[in-house]
Amino acid sequence: MLYSEKVMDHFMNPRNVGKIEDADGVGEVGNAKCGDIMKIYLKIDNDVITDVKFNTFGCGSAIATSSMACEMIKGKPLSEAMELTNQAVVEALDGLPPQKIHCSVLAEEAVKAAVKDYYDKNGIEYDSTLFREGSHCDHCSNAEN
């Protein structure tokens, strides 16, 4: 399995690792059976993500996609963060092996779960269709069987 230099860099030197104690929004997604669990913490000021940290339990691809997703949303308005797609994360990392694409889906969903948590905590109305429920990928759905 070949990984791009960017995947290896974000795996070996992940950005934004850690926890924000007084986070405005926290999103945790994943599946212990599949092994990838991602938690993202957001600090938000005037609808802009001023800080973002993550903790990921998983493979190198899961760590790399977490790191890249955080880099991509830091300093951005929530509306832009909500537009983050797993495909954008994969492209920013110069690709992922097909069997690791689910890690990028996990990153997208963790970001959205953290934004949803912020909205819920602050009574901010949102379009619920923006947030997918359930397992982040077929790979993990199959792990439950």
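Computed from a predicted structure; not experimentally measured.
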Q: Output all residues satisfying ring pair (Phe, Tyr, Trp, His ring centres under 6.0 Å) with F11, sequence neighbours left out; order by chain, then residue number.
A: none
List the residues meeting side-chain contact (heavy atoms from CB on, under 4.5 Å) with [X], not counting sequence neighbours, and say none if there are none.
X: S104; value: T65, N86, V89, V90, L96, I101
X: K76; value: E80
X: E91; value: Q87

**Q.** Chi angles and distances behind the salt bridge (charged side-chain N to carboxylate O under 4.0 Å, His left out) call for D36, K100
**A.** CA-CA 11 Å; D36 296 322; K100 295 296 181 180; over 6 Å; no
Q. Do the side chains of L42 and M72 join up, straight or via other hydrophobic residues, at under 4.5 Å, putting them in one cluster?
A. yes
Q) Should F57 and I63 be counted in the same cluster of Ile, Leu, Val, Met, Phe, Trp and Tyr side chains packed under 4.5 Å apart? A)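 Looking at the clustering, I63 is in a separate group from F57.
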**Q.** No-hydrogen, no-angle side-chain donor-acceptor test under 3.5 Å, N55 and K19
**A.**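 Checked: N55/K19 side chains show no N/O donor-acceptor pair below 3.5 Å.
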Q. What pairs of residues pass the side chain to side chain donor-acceptor pair (under 3.5 Å) test when at least one of them lies in residues 42-52, not counting sequence neighbours?
A. D22-K43
Q. Who else is in the cluster with Y41 when I, L, V, M, F, W and Y are joined by side-chain contacts under 4.5 Å?
A. I20, V26
Q) Taking 4.0 angstrom as the limit, do D9 and R15 come out as a salt bridge? A) yes
Q. Within a reach of under 6.0 Å around OH of Y126, are more than 12 heavy atoms found that belong to other residues, nucleotides or ligands?
A. yes
Q. Can you find a heavy atom in the side chain of M82 that is under 4.5 Å from one in the side chain of L130?
A.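 Yes; the side chains approach each other to less than 4.5 Å.
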